[in-house]
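As the structure lists them, so they are numbered: ligands from 1, and atoms in each ligand from 1.
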Amino acid sequence: MKLWGGRFTKEEDQLVHNFNESLSFDRKFYRQDIQGSIAHVSMLARQGIVTEEDGQAIIGGLKGILRDLDEGTLVLTGEHEDIHSFVEATLIERIGEAGKRLHTGRSRNDQVALDMKLYCRDEIDEIDGLVKGLLEELLKIMEEHTDTFMPGFTHLQKAQPVTLAHHMGAYFEMFYRDRTRLGDIRKRMNYCPLGSGALAGTTYPLDREYTARLLGFVGPTLNSMDSVSDRDYVIELLSALSTIAMHLSRFAEEIIIWNSNEYRFVELDDAYSTGSSIMPQKKNPDIAELVRGKTGRVYGALMSILTTMKGLPLAYDKDMQEDKELTFDAIDTVKGCLVLFTGMVSTMTFQKDMMEASAKKGFTNATDAADYLVNHGVPFRDAHGIVGQLVLYCIERDMALDDMSLEELKAVCPVFEEDIYEAISMKTCVEKRVTMGAPGQVAMRQVIEICRRRLQEPRP
Ligand code: ARG
């Protein structure tokens with residue numbers, strides 16, 4: 001069957017290599033790979049599994065490779081299958097025989113499990129910092145706008161008046177929960193798989209406690225088969241990132257609405273908006289739209305890893321190599337979104353007048369008018385009907401409830417007195433809502449204090 005001679009075999013080899021290789025993407029964690037190798041060989045020397053001299057030579061060699069990769073003097077190319085082979089081959093090339101002892105008592109299976117964990121852990125820390133940066137911006141807006149009135153919506157219909165501080169506070173809660181989620185994942189994942197070997201540990205007297213400690217883990221993982229095949233933390237991280245992306249997307253959507261010609265609640269800074277190639281009047285919220293749109297690829301990464309892991313028999317399977325590309329993309333995407341979004345939020349300006357006028361126009365004080373009647377002895381169901389009639393009356397005349405004269409009000413219900421105007425003023429509507437979590441100043445100030453403290457405390 002050798003119809004194609006040697007040539008086909010060669011081409012096929014190349015195709016297999018291309019399909020199988022991971023260097024083109026796992027190069028992303030070369031730092032973590034070297035960090036793990038340094039910990040591993042330090043332990044090997046400490047345990048007398050390699051000599052002190054070999055240990056020192058290997059560590060020196062690895063540090064040199066790290067420095068050269070960081071500086072770009074060593075280029076990550078070649079026919080190597082993955083970052084692990086690349087580092088090991090380069091080490092042997094540079095320091096000779098001693099380099100061949102690095103991989104003693106280790107498999108690429110526990111090595112890659114470690115690298116991916118270290119990488120995800122580093123990224124969790126970085127993302128937590130970015131979310132914190134966004135929270136700091138939100139807190140600033142909250143502090144400044146406890147009496148900036150705006151309509152609160154349900155079904156995207158004006159419902160009741162709130163304040164800008166209150167609205168921003170909702171996002172503060174969402175992103176704060178995101179931080180706690182990242183913290184939870186970090187705690188749960190923080191056990192070291194190194195020393196699990198291919199799947200069944202090794203016969204060398206490894207000190208797994210020691211390497212775990214060197215690498216900042218709580219301790220070693222407890223089952224070597226699980227250790228090399230656990231990607232739960234990738235799934236959890238992508239789930240947390242999907243939630244962050246979802247939160248960003250909801251916020252972006254509101255900013256897009258607020259920035260529209262119809263609302264004009266906010267004005268985006270020129271740096272965060274773009275013009276149209278044909279319509280000179282346009283100033284488009286592209287950044288907000290992109291943040292909203294990029295949510296799709298983050299969700300995609302989550303679906304991908306869930307599907308890849310489904311049905312995999314223990315222990316390591318090559319399928320798991322598919323845990324990387326989309327995870328890296330999702331991490332970079334969310335980081336990019338957080339940076340741009342924070343910049344956009346911190347530079348946009350709020351049109352307080354527009355917000356307040358909008359709240360006034362939409363009968364957002366109708367509930368309070370009904371409550372006024374209830375406080376004067378009218379049953380709530382009747383009060384609801386009476387205010388409904390008032391609203392209809394106002395709509396026909398294009399006016400607000402506050403614009404009605406006392407005679408007009410009394411014509412519908414004689415219970416109304418002069419103090420109705422005070423009772424349904426925007427200020428009263430908001431200020432009377434002082435239960436914990438409500439927009440009234442007193443409650444809001446308390447919450448702001450708690451938020452401020454949350455940002456000073458160690459990360460959740
Ligand atoms: N590139 C591989 C991965 O990402 C590394 C582990 C390879 N192990 C193996 N037995 N082929 O999963």
Side-chain angles (χ1 to χ4, degrees), residues 12-41 62 65 69 76-92 99-100 102-123 189 191-204 206 211 215 221 223-238 301-302 304-332:
E12 192 182 39
D13 283 351
Q14 192 58 49
L15 286 177
V16 170
H17 172 85
N18 293 349
F19 195 67
N20 194 44
E21 70 86 31
S22 55
L23 183 62
S24 54
F25 49 89
D26 62 18
R27 53 192 296 163
K28 200 156 172 94
F29 53 50
Y30 72 86
R31 284 195 193 92
Q32 287 81 4
D33 188 76
I34 293 173
Q35 181 191 4
S37 287
I38 290 175
H40 179 64
V41 78
L62 288 170
I65 293 173
L69 285 172
L76 258 167
T77 52
E79 318 76 54
H80 300 287
E81 186 187 322
D82 50 34
I83 187 64
H84 326 295
S85 332
F86 172 85
V87 171
E88 192 176 332
T90 311
L91 180 71
I92 295 169
K100 296 181 185 167
L102 166 64
H103 209 52
T104 313
R106 189 174 66 171
S107 155
R108 276 187 302 170
N109 295 353
D110 60 342
Q111 188 177 359
V112 78
L114 172 69
D115 293 2
M116 192 63 182
K117 232 180 202 184
L118 288 173
Y119 185 82
C120 288
R121 199 180 64 182
D122 289 345
E123 293 297 325
M189 76 183 280
Y191 294 85
C192 185
L194 189 61
S196 298
L199 79 162
T202 83
T203 54
Y204 298 95
L206 306 185
T211 40
L215 293 165
T221 50
N223 182 292
S224 56
M225 291 177 80
D226 174 53
S227 306
V228 295
S229 63
D230 166 30
R231 297 294 182 274
D232 290 3
Y233 62 95
V234 178
I235 293 171
E236 286 193 44
L237 173 56
L238 289 176
L302 174 61
S304 166
I305 183 70
L306 280 169
T307 312
T308 294
M309 293 306 293
K310 175 188 170 298
L312 287 192
L314 288 175
Y316 176 83
D317 302 282
K318 190 68 175 235
D319 313 47
M320 290 174 194
Q321 181 164 290
E322 288 297 311
D323 66 353
K324 296 180 190 60
E325 283 164 284
L326 295 185
T327 302
F328 295 160
D329 181 74
I331 288 172
D332 291 343

Working for salt bridge (Lys or Arg N to Asp or Glu O under 4.0 Å), residues Lys28 and Asp332: CA-CA 11 Å; Lys28 200 156 172 94; Asp332 291 343; 2.8 Å; yes
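A salt bridge is defined here as a Lys NZ or Arg NE, NH1 or NH2 lying under 4.0 Å from an Asp or Glu carboxylate O, and Arg108 with Glu88 fails to meet this definition.
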One line per pair, note the atom names and distance for all nitrogen or oxygen contacts under 3.5 Å between ligand 1 and the protein.
residue  : atom   : partner : partner atom : Å
ligand 1 : 1 (N)  : Ser22   : OG           : 3.0
ligand 1 : 1 (N)  : Gln321  : OE1          : 2.7
ligand 1 : 4 (O)  : Lys324  : NZ           : 2.5
ligand 1 : 8 (N)  : Asn109  : OD1          : 3.0
ligand 1 : 10 (N) : Asn109  : OD1          : 3.1
ligand 1 : 12 (O) : Tyr316  : OH           : 2.4

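Listed for the Asp26 side chain is no donor-acceptor partner under 3.5 Å among the backbone atoms of Asp82.
In this structure the side chain of Met189 reaches within 4.5 angstrom of the side chain of Cys120, judged on heavy atoms. Considering only heavy atoms from C-beta on, Thr327 stays 4.5 Å or farther from Tyr119 through its side chain.
The environment of OH in Tyr204 is sparse: at most 12 heavy-atom neighbours from other residues, nucleotides or ligands sit within 6.0 Å.
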